[in-house]
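Note on naming: letters A, B, ... go to the chains in the order of the sequence lines (proteins, then strands), and numbering restarts at 1 for each one. These figures come from a predicted structure and were not determined experimentally.
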Amino acid sequence: MAPWVGPVASYLATGLRETALLALACVAASLLAGTLVGSVLTLPSRAVRAPARVYVEIWRGLPIIIILYFIFFVLPIIGLRVDTFGAAVIGLSLWGSANVAEVVRGAVQSVPRGQAEAAAALGFSWTGRMRYVLLPQAARRALPPLIGLVVNLIQQTSLAAVIGLLDILEASQRSIERLTLSGGSSHAVPILGAVLAVYFVICLPLTMLSRWYERRLH
Amino acid sequence: MPDAAGYHFEPGFIAHHLGELGSGLLRTLAISSIGMAGALLVGVLLGAISSLRIPVARHLITVYVEVFRNTPLLVQIFFLYFALPDIGLQFEGFTVGWLSLLLWGGAYNVENFRAGFEAVEGGYVEACRALGFSRPAAFRHVTLPLGARIALPSVTNILISVFKNSSFMVAISYPELTDTAVNIVAVSFRVFEMFLAIGVIYLGLVWLMSLGAGAVERHYAIPGGH
């Protein structure tokens with residue numbers, strides 16, 4: 001094994017740890033906030049729905065990298081001291097939660113109307129109807145697209161490298177730079193190839209799970 | 001007017017930089033339109049080969065689709081831009097821009113078109129064959145027009161994503177719209193002005209594209225059909 005492989009591999013591993021932490025935080029925040037916003041989108045009152053609709057349209061419509069840059073530049077201006085990791089979590093979760101909200105709204109509205117009406121007739125409040133009747137049924141339909149979104153979020157964490165977070169992609173870039181500066185070859189093909197392989201190994205099983213679950217529903 | 005943090009919003013700053021933003025937007029539109037057209041073409045062609053179950057070709061297509069769908073676009077861009085020169089393939093920013101978008105969007109569209117073609121009821125193709133159509137003719141006159149209609153909504157979604165993701169080229173400093181704005185912010189700190197300007201441009205264009213996609217879908221909808 002070439003002498004450069006060992007140090008680069010361990011550097012990439014530290015980056016991968018950061019990527020994994022970022023992905024976990026973003027997935028959790030997106031699912032939580034997205035379910036909330038998505039539920040609001042199913043409310044009968046237009047005035048209550050409107051702000052949720054604006055939230056979803058803005059954060060789903062903008063390119064994700066612009067959200068990330070915006071958060072990164074804006075937080076210090078409005079006096080919030082957050083590190084790169086925090087900025088990445090906020091930026092990616094704004095995008096993720098807006099997308100989760102659309103999936104949740106679609107899934108809840110695909111549950112036959114009679115279900116909500118029957119629950120209402122039995123005296124369930126809105127929260128009771130959502131909690132015990134609509135969300136459990138919607139969850140089954142929402143699962144395949146939600147897994148797809150999780151895969152998407154895991155991949156989008158690589159954008160945090162652009163605002164300087166030392167994730168696996170940034171670690172690979174710095175390794176390539178260092179190898180180039182030390183005079184030898186950059187070894188960019190095997191290094192970036194390894195980064196692609198790591199993402200592939202993580203994402204492919206999830207993609208297959210989503211597809212398998214989708215087929216099982218039909 | 002100063003806000004709580006003492007930030008003065010200057011609308012004039014946007015007007016002052018409209019020229020730069022304009023040339024950035026032109027580059028964004030250039031790489032996006034080539035990427036979108038290519039992603040559409042790749043999607044139809046490879047999707048057709050995939051759904052016709054042509055051996056070997058079909059498996060190669062599956063490998064292409066799975067690799068590009070299960071790795072981040074940004075890493076693909078870096079691979080094209082930083083790694084390929086090592087094996088003698090040097091591309092400039094513009095080429096990496098449209099090529100990476102084409103390959104990424106194409107992979108998703110292959111899946112969209114394949115699913116659309118396979119959703120066309122088998123009975124239609126059988127009826128065609130019984131009427132003496134060859135297999136390619138049956139595909140051309142029945143599976144393609146019906147399947148493409150089924151695939152249309154997911155295909156237009158991906159094409160809109162291709163446009164939005166052209167902003168990823170900021171990472172290789174290709175001076176498209178996002179890169180232009182970020183560079184202006186970096187020297188001026190006029191964060192709100194610049195992001196408001198490009199936010200409105202991107203949201204506006206995405207909105208126009210969705211309207212266009214809706215119009216196309218309605219135009220090609222089969223009356224009373226699925």
Side-chain angles (χ1 to χ4, degrees), chain A residues 19 57-58 60-80 148 151-152 154-163 168-170 172-173 176-177 180 185-208 211, chain B residues 3-7 28 65-87 89 104 111 160-161 163-172 177-179 181-182 185-186 189-192 194-196 198-207 209-210:
Chain A
T19 295
E57 292 302 323
I58 288 181
R60 265 184 93 217
L62 283 174
I64 181 166
I65 198 157
I66 291 181
I67 305 176
L68 219 52
Y69 266 120
F70 180 68
I71 296 298
F72 181 67
F73 283 124
V74 156
L75 289 182
I77 292 181
I78 58 172
L80 274 174
V151 173
N152 208 334
I154 292 173
Q155 296 184 3
Q156 306 290 18
T157 57
S158 59
L159 289 173
V162 176
I163 57 169
I168 185 168
L169 182 58
E170 180 66 16
S172 76
Q173 287 304 98
I176 291 168
E177 260 166 45
T180 314
S185 156
S186 73
H187 298 290
V189 174
I191 293 177
L192 280 169
V195 176
L196 284 171
V198 166
Y199 276 105
F200 185 76
V201 166
I202 296 170
C203 294
L204 185 68
L206 287 170
T207 305
M208 287 165 69
R211 227 172 279 162
Chain B
D3 63 15
Y7 191 95
T28 288
V65 169
E66 295 302 341
V67 166
F68 279 84
R69 279 172 33 128
N70 288 293
T71 54
L73 172 59
L74 187 62
V75 186
Q76 296 165 16
I77 293 168
F78 277 19
F79 195 88
L80 291 182
Y81 195 69
F82 296 113
L84 287 190
D86 277 15
I87 50 171
L89 288 168
W104 179 86
E111 251 323 273
I160 291 173
S161 292
F163 165 70
K164 288 198 282 185
N165 289 346
S166 66
S167 56
F168 282 34
M169 304 314 152
V170 62
I172 55 166
L177 185 57
T178 305
D179 184 72
V182 167
V185 169
F189 295 103
R190 313 272 8 141
V191 178
F192 290 99
M194 276 302 110
F195 280 93
L196 177 71
I198 64 169
V200 166
I201 295 173
Y202 277 106
L203 279 180
L205 286 172
V206 166
W207 180 70
M209 284 181 197
S210 320

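Taking the side chain as every heavy atom from C-beta outward, A:Y199 and B:N70 never approach each other to under 4.5 Å. Residues B:F79 and A:V195 fail the side-chain proximity criterion, which asks for heavy atoms closer than 4.5 Å. Here the side chains of A:I77 and B:F189 are not in contact, with every heavy-atom distance at 4.5 Å or above. Contact annotation: the side chain of A:P63 never approaches that of B:N165 to less than 4.5 Å [non-hydrogen atoms, C-beta and beyond]. A 4.5 Å side-chain heavy-atom check between A:I66 and B:V182 finds every atom pair outside the cut-off.
Partners of A:E57 under the salt bridge (Lys or Arg N to Asp or Glu O under 4.0 Å) rule, at least two apart in sequence or in another chain, are A:R53. For the ring-ring contact (aromatic ring centres under 6.0 Å, His included) test, no residue two or more places apart in sequence or in another chain qualifies with A:F200.
Within the 4.5 angstrom heavy-atom criterion, only side-chain atoms of A:I64, from C-beta onward, approach chain B. Residue B:V206 touches chain A through its side chain alone, counting heavy-atom pairs closer than 4.5 Å. Contacts of A:L169 with chain B are made by side-chain atoms alone, with heavy-atom separations under 4.5 Å and no backbone atom involved. Proximity to chain A (any heavy atom under 4.5 Å) is restricted, for B:Y202, to the side chain, taken from C-beta onward. The part of B:T178 that comes within reach of chain A is its side chain, from C-beta onward, which places non-hydrogen atoms under 4.5 angstrom from that chain. With a threshold of 4.5 angstrom between heavy atoms, B:I160 does not approach chain A through any atom at all. If you measure heavy-atom distances from A:T157 to chain B, you find no contacts under 4.5 Å at all. Proximity to chain B (any heavy atom under 4.5 Å) is shown, for A:V189, by both the backbone and the side chain.
Most heavy-atom pairs under 4.5 Å with chain B, from the set A:P190, A:A188, A:G193: that is A:A188. With chain A as the partner, the residue from B:L73, B:V170, B:L84 showing the most heavy-atom pairs under 4.5 Å is B:V170.
Below 30°, between 30° and 60°, or above 60°: for B:F195 and A:F73 the angle between ring planes is between 30° and 60°, a tilted geometry.
Considering every non-hydrogen atom in both A:V162 and B:A171, the closest pair reads CG2-CB, 3.9 Å.
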